[in-house]
Q: 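Attaching a single structure in structure tokens format; questions to follow.
Both ligands and their constituent atoms are indexed starting at 1 by order of listing. Keep in mind that this is a model prediction, so the values were computed, not measured. Just the heavy atoms: all of them, side chains too, but no hydrogens, waters or symmetry mates, feed the values below.
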Amino acid sequence: MNFPGINYKQGILHFSDVSIKEMVQNYKTPLYVYSEDVILQRIDSYKKGIQNYPFMLCYSVKANSNLSIINIMAREGLGADIVSGGELFRCIKANMPTERIVFSGVGKTQEEIEFALKNNILLFSVESIAELKRINQIAHSLQKVAPVIIRINPDIDPKTHPYISTGLKENKFGISSNLFTEVIEFALSLKNIELLGFGYHIGSQIIDISSKMEAAEKSKYFIDIFQKYKAMSFFDIGGGLGIKYKNEQPTEPQEFIHTIANVLPMDKLKNCKILLEPGRSIIGPAGIFLTKILYVKKNYHKLFYIVDGAMNDLIRPTLYQAYHEILPIFEKNDFDQVVDIVGPICETGDFFARERKLPLLQENDYLAILTSGAYGFVMSSQYNSRPRSAEVLIKQNKELKLIRERETYEDLIQKEIQYL
Ligand code: LLP
């Protein structure tokens, strides 16, 4: 097995030394639970890696944007990688210093750019010439100078799921690298833009890091071009380090940083901050999703565990055919049933696992869906008018802290009722 913080003690599944039975009794299901210990271990691996290098860690807020989670990152000295005004708002509320925030994304709106400029963020990662013009105009009207890096599209295959590959020619992200000099010259000609460097992000859940090495190798050429114009202050190599969901053997952050630092021309980047934007590799292993079996049903030859969580809570299995390990909270030895674990939503795509081997379980048994800390709650919706689940944090002192209340039926209609 071997997932951080997960083990059975006296026959009961524990996460970070706290009994999951206690969690479901106190907070009901469906429920997200995060472990501060595991978050800190993951951050620590990054911090150990960057010790002797000029790297800066910007947590990718999209992976999990709960205020308490962002606040842990801020407290630990990390910055943030954001992709919307909403994420900036969350960062501000969670006491993340805005001077540590990088704003990426292909479709920044006028309002978002203004909001970010007024809050003096560290950098805009700019994804098109049109966006550069727009930022320049807005900065001019606010009498500000916008700090900018160019995101290039290096045309590299990260060998991951196609929906989360971002650095290929055919993807919408970044600026074609053959336009690099043109963009640099254009940016330098704009009065309200301060061009400070460039970067890329090639994809997510990258297990085979050779693609990341290839990107680093390729970037040497672009670093040389950039430095012909001016010294680089920032070089952003994105996020994307993969984690273990099943039996993958991902590179640990610390090892990844050493490996990449050996490829990058560190002598040329002496006075430059190298930004890393990890999301999943910090928060993914630090979260689990808990759900209760409502019914056990046999249809023809198939066995179904119908649970109270659904695709609206955790969409990864159906959206990306993602595998998440699933364990019963009471220890059993015989994983001798082949079952589909499905939710109550009226779609055949509403499943957490298909044809999975699990023990024979019953109504009111509980399941833990592991490695759900990243892109879990943040991608949840109210589809089928299902209130979103609660979120709980296991603090370092093992105290359980509610960090988001379970939504109610009233929450579902709040924005509509006054217009009826
Ligand atoms: N930086 C940029 C510019 C990004 O677009 C992303 C993720 C990251 C950093 C963080 O990547 P990470 O370290 O978390 O891999 N919902 C999908 C993942 C989408 C990732 C989008 N971009 C999933 O559940 O697999």
Q: Indicate yes or no: does Arg404 engage Glu407 in a salt bridge with an N to O separation below 4.0 Å.
A: yes
Q: Of all the atoms in ligand 1, which lie at a distance below 4.0 Å from a heavy atom belonging to Gly239?
A: 9 (C), 13 (O)
Q: State the CG-NZ distance between Leu393 and Lys401, to the nearest 0.5 angstrom.
A: 6.5 Å
Q: Aromatic ring centroids of Phe198 and Phe180 under 6.0 Å?
A: yes
Q: Starting from atom 1 (N) of ligand 1, locate the nearest protein heavy atom and write down its residue, its atom name and how far away it is, to 0.1 Å.
A: Glu277 OE1, 2.6 Å
Q: Considering only the protein, which heavy-atom contact is closest to atom 20 (C) of ligand 1, and what is its distance?
A: Tyr375 OH, 3.6 Å
Q: For Arg100 and Met96, work out which heavy atoms get closest and say how close.
A: NH1-SD, 4.3 Å
Q: Is it the side chain, the backbone, both or neither of Arg316 that has a heavy atom closer than 4.0 Å to ligand 1?
A: side chain
Q: Is the shortest side-chain N to carboxylate O distance from Lys292 to Asp365 below 4.0 Å?
A: no
Q: So, are Asp81 and Lys62 salt-bridged, with charged N and O less than 4.0 Å apart?
A: yes
Q: Show me which atoms of ligand 1 lie under 4.0 Å from any heavy atom of Met379.
A: 16 (N)
Q: Under the ring pair (Phe, Tyr, Trp, His ring centres under 6.0 Å) rule, collect the residues that match up with Phe173, sequence neighbours excluded.
A: none
Q: Suppose we measure from atom 12 (P) of ligand 1 to each protein heavy atom; which comes out shortest, and what is that distance?
A: Gly240 N, 3.4 Å
Q: Taking 4.0 Å as the limit for heavy-atom contacts, which would you say applies to Lys62 with ligand 1: side chain only, backbone only, both, or neither?
A: side chain
Q: Considering only heavy atoms of Pro278, which atoms of ligand 1 have at least one such atom less than 4.0 Å away?
A: 13 (O)
Q: Just which atoms of ligand 1 are under 4.0 Å from any heavy atom in Gly279?
A: 12 (P), 13 (O), 14 (O)
Q: Out of curiosity, is Ser281 lining ligand 1, as in a heavy atom under 4.0 Å away?
A: no
Q: In plain terms, say whether Arg388 and Asp411 are close enough for a salt bridge, that is, a side-chain N and a carboxylate O under 4.0 Å apart.
A: no
Q: Applying a 4.0 Å heavy-atom criterion (strictly less than), which segment of Ser60 is in contact with ligand 1: side chain, backbone, both, or neither?
A: side chain
Q: What do you reckon, does Ala374 put a non-hydrogen atom under 4.0 Å from ligand 1?
A: no
Q: Heavy-atom distances under 4.0 Å decide this one: backbone, side chain, both or neither, for Arg280 against ligand 1?
A: both
Q: With a 4.0 Å cut-off on heavy atoms, does Asp81 reach ligand 1?
A: yes
Q: Which ligand 1 atoms are under 4.0 Å away from a heavy-atom of Ile164?
A: 17 (C), 18 (C), 19 (C), 25 (O)
Q: Could you tell me the residue and atom name of the protein heavy atom closest to atom 15 (O) of ligand 1, and the distance to it rounded to 0.1 Å?
A: Ser204 OG, 2.4 Å
Q: Would you say the ring centers of Tyr245 and His324 fall short of 6.0 Å from each other?
A: yes
Q: Is the contact between Arg151 and ligand 1 made by the side chain, the backbone, both, or neither, using heavy atoms and a 4.0 Å cut-off?
A: side chain
Q: With heavy atoms under 4.0 Å as the rule, classify the contact between Tyr320 and ligand 1 as side chain, backbone, both or neither.
A: side chain
Q: Between Asp37 and Lys398, does any NZ, NE, NH1 or NH2 come within less than 4.0 Å of an OD or OE carboxylate oxygen?
A: yes
Q: So, Lys159 and Glu214, do they make that salt bridge, N to O below 4.0 Å?
A: no
